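Model, not experiment: these values are computed from the prediction. Order of the sequence lines fixes the chain letters, A, B, ..., with proteins taken first and strands second; residue numbering starts at 1 for each chain.
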There are 2 protein chains.
Amino acid sequence: MSTADRLIESTRELLWERGYTGTSPKAIQQRAGAGQGSMYHHFAGKPDLALAAISRTVEEMRAAAETQFSAPGTAVERITAYLRREREVLKGCPVGRLTQDPDVMADPTLRAPVEESFAWLCDRLAGILAEGRESGELDAALDARATAATVVAVVQGGYVLARAVDSVAPFDQAITGVLSLLSAHASTARG
Amino acid sequence: MSTADRLIESTRELLWERGYTGTSPKAIQQRAGAGQGSMYHHFAGKPDLALAAISRTVEEMRAAAETQFSAPGTAVERITAYLRREREVLKGCPVGRLTQDPDVMADPTLRAPVEESFAWLCDRLAGILAEGRESGELDAALDARATAATVVAVVQGGYVLARAVDSVAPFDQAITGVLSLLSAHASTARG
DNA sequence: GTCTATACCTGGATAGAC
DNA sequence: GTCTATCCAGGTATAGAC
């Protein structure tokens with residue numbers, strides 16, 4: 001891995017663990033095993049490095065989600081696969097975390113990937129839910145966009161709950177809860 | 001308002017806006033219109049002041065929630081009132097935000113109020129849902145604890161989505177979505 | 001490309017005068 | 001109780017040698 005890559009990876013880790021404000025160039029350099037001059041040779045500064053890190057993170061997140069979404073199966077099966085996917089729950093969401101960083105949200109360049117990421121995720125889930133509704137799998141009265149927002153919110157909020165009580169239990173419960181509610185909606189249509 | 005109170009209120013605002021790491025004693029003093037010496041006369045330092053601010057915030061949050069929870073009405077009505085309550089959505093949750101602050105979560109004293117806050121909220125909602133199940137309002141198969149976690153997660157995640165796209169729309173959609181799913185569950189029991 | 005030196009600002013806190 | 005002076009570490013970046 002090149003020095004530039006190591007710097008990006010270190011930044012990704014630190015943004016995840018400590019956020020933008022809590023991440024110093026010095027900490028990035030130490031974790032990457034790179035010197036001061038090396039970092040400023042490859043990147044213009046902290047915001048530039050953060051942009052590279054954030055871009056890489058959102059790409060990975062999207063690819064990971066798309067794996068579940070494009071798998072074979074019904075809408076509920078694919079959403080279940082997405083929700084039950086293995087996650088580092090106690091570390092939280094590396095993208096959602098950025099929404100709490102005022103310096104990230106205040107910079108349009110840093111903010112854009114975060115914004116696009118969640119917009120894409122909601123749209124994609126709404127599309128899958130709409131498919132399920134068209135095919136008769138889900139109740140015709142189901143609001144695809146609202147339900148999609150609920151699903152994404154449950155994941156993001158599940159992370160918050162898990163971190164609050166330092167246990168994955170509430171995350172798993174929140175997922176179980178929304179899947180039960182959604183499945184009930186599906187069986188109504190079937191019955 | 002006393003100087004100590006102004007310092008606490010300023011700290012509450014700044015913790016909400018910028019988090020613990022992003023909040024400096026100097027910024028607190030300036031917002032409170034207090035001097036350096038004044039702050040260190042009333043409080044031992046930043047962690048001490050943060051504890052006072054966090055304690056006050058979680059008390060307010062709990063009181064606000066309890067207002068909706070203890071109002072007359074069915075379980076779903078009270079939960080709807082809670083979820084539809086007016087919120088400063090784009091500012092996010094002042095308590096949930098703290099879960100993203102590693103320095104807060106690493107300090108047991110600062111962490112405890114956050115942890116208790118979410119534990120209480122989940123328990124309280126689970127109790128209300130269990131009541132609704134006992135009374136026949138809700139499906140007997142409904143898992144009260146899981147559903148409670150889902151409800152809390154939707155609120156917390158709704159904040160994340162709203163901040164991500166800088167719009168209250170996804171927050172409102174997420175609430176609408178979970179209430180639709182829950183209401184469908186209720187009508188199953190009634191039908 | 002990477003290193004060291006340097007610079008300036010802020011964070012967080014203490015000391016002692018008033 | 002509040003003020004000012006002072007302190008040291010760290011954040012963030014530039015300059016220039018190698």
Side-chain angles (χ1 to χ4, degrees), chain A residues 1-56 97-98 100-111, chain B residues 1-56 97-98 100-111:
Chain A
M1 198 157 56
S2 72
T3 298
D5 269 326
R6 289 203 318 280
L7 284 164
I8 293 175
E9 289 304 310
S10 300
T11 305
R12 295 215 300 152
E13 292 171 17
L14 284 162
L15 285 181
W16 195 0
E17 294 166 17
R18 306 202 38 84
Y20 185 82
T21 306
T23 296
S24 69
K26 180 177 295 192
I28 293 169
Q29 294 150 25
Q30 285 174 344
R31 188 171 296 213
Q36 189 95 323
S38 189
M39 179 189 132
Y40 284 100
H41 170 75
H42 292 289
F43 299 95
K46 183 174 160 176
D48 187 35
L49 194 37
L51 177 59
I54 292 171
S55 300
R56 194 175 282 188
R97 205 231 177 282
L98 301 168
Q100 303 297 331
D101 254 307
D103 296 341
V104 170
M105 299 317 272
D107 180 337
T109 306
L110 295 179
R111 183 202 182 99
Chain B
M1 200 157 54
S2 72
T3 299
D5 269 327
R6 291 204 317 280
L7 284 164
I8 293 174
E9 290 304 309
S10 300
T11 305
R12 295 215 300 153
E13 292 172 16
L14 284 162
L15 285 181
W16 195 1
E17 294 167 16
R18 307 203 35 85
Y20 185 82
T21 305
T23 296
S24 69
K26 180 178 294 191
I28 293 169
Q29 294 152 24
Q30 285 174 345
R31 188 171 296 212
Q36 188 94 325
S38 191
M39 178 187 133
Y40 283 100
H41 170 75
H42 291 289
F43 299 95
K46 182 173 159 175
D48 187 35
L49 194 37
L51 177 59
I54 292 172
S55 300
R56 194 175 280 189
R97 204 230 175 283
L98 300 169
Q100 303 296 333
D101 253 308
D103 295 341
V104 169
M105 299 318 270
D107 180 337
T109 306
L110 295 180
R111 184 204 182 96

**Q** Check this for me: does any side-chain nitrogen of one of Glu17(A) and Arg97(A) sit under 4.0 Å from a carboxylate oxygen of the other?
**A** no
**Q** Please list, in 5' to 3' order, the outermost nucleotides of DNA chain C lying under 4.0 Å from any heavy atom of chain A.
**A** dG1(C) to dT4(C)
**Q** Heavy atoms, side chains only, cut-off 4.5 Å: are Asp101(B) and Met105(B) in contact?
**A** no
**Q** Checking the side chain of Arg12(B) only, and the main-chain atoms of Ala53(B) only, is there a donor and an acceptor separated by less than 3.5 Å?
**A** no
**Q** For a quick test of reading the model, state the closest non-hydrogen atom pair linking Arg18(A) to Pro102(B) and the distance between them.
**A** NH1-CG, 3.6 Å
**Q** When you compare the side chain of Asp107(B) with that of Thr109(B), does any pair of heavy atoms fall below 4.5 Å?
**A** yes
**Q** For nucleotides 10-14 of chain D, give me every protein contact, N/O to N/O, under 3.5 Å, one pair per line with atom names.
**A**
| from | atom 1 | to | atom 2 | distance (Å) |
| --- | --- | --- | --- | --- |
| dG11(D) | OP1 | Ser24(A) | OG | 3.3 |
| dT12(D) | OP1 | Lys46(A) | NZ | 3.2 |
| dA13(D) | OP2 | Tyr40(A) | OH | 3.2 |
| dA13(D) | OP2 | Lys46(A) | N | 3.3 |
| dA13(D) | N7 | Gln36(A) | NE2 | 3.1 |
| dA13(D) | N6 | Gln36(A) | NE2 | 2.5 |

**Q** Tell me, do Glu9(B) and Arg56(B) make a side-chain contact under 4.5 Å, heavy atoms counted?
**A** yes
**Q** Distance-only criterion, 3.5 Å: show the donor-acceptor pairs between side-chain atoms of residues 35-47 of chain A and protein atoms not counting sequence neighbours.
**A**
| from | atom 1 | to | atom 2 | distance (Å) |
| --- | --- | --- | --- | --- |
| Gln36(A) | OE1 | Gln29(A) | NE2 | 3.0 |
| Lys46(A) | NZ | Tyr20(A) | O | 2.8 |
| Lys46(A) | NZ | Thr23(A) | O | 2.8 |

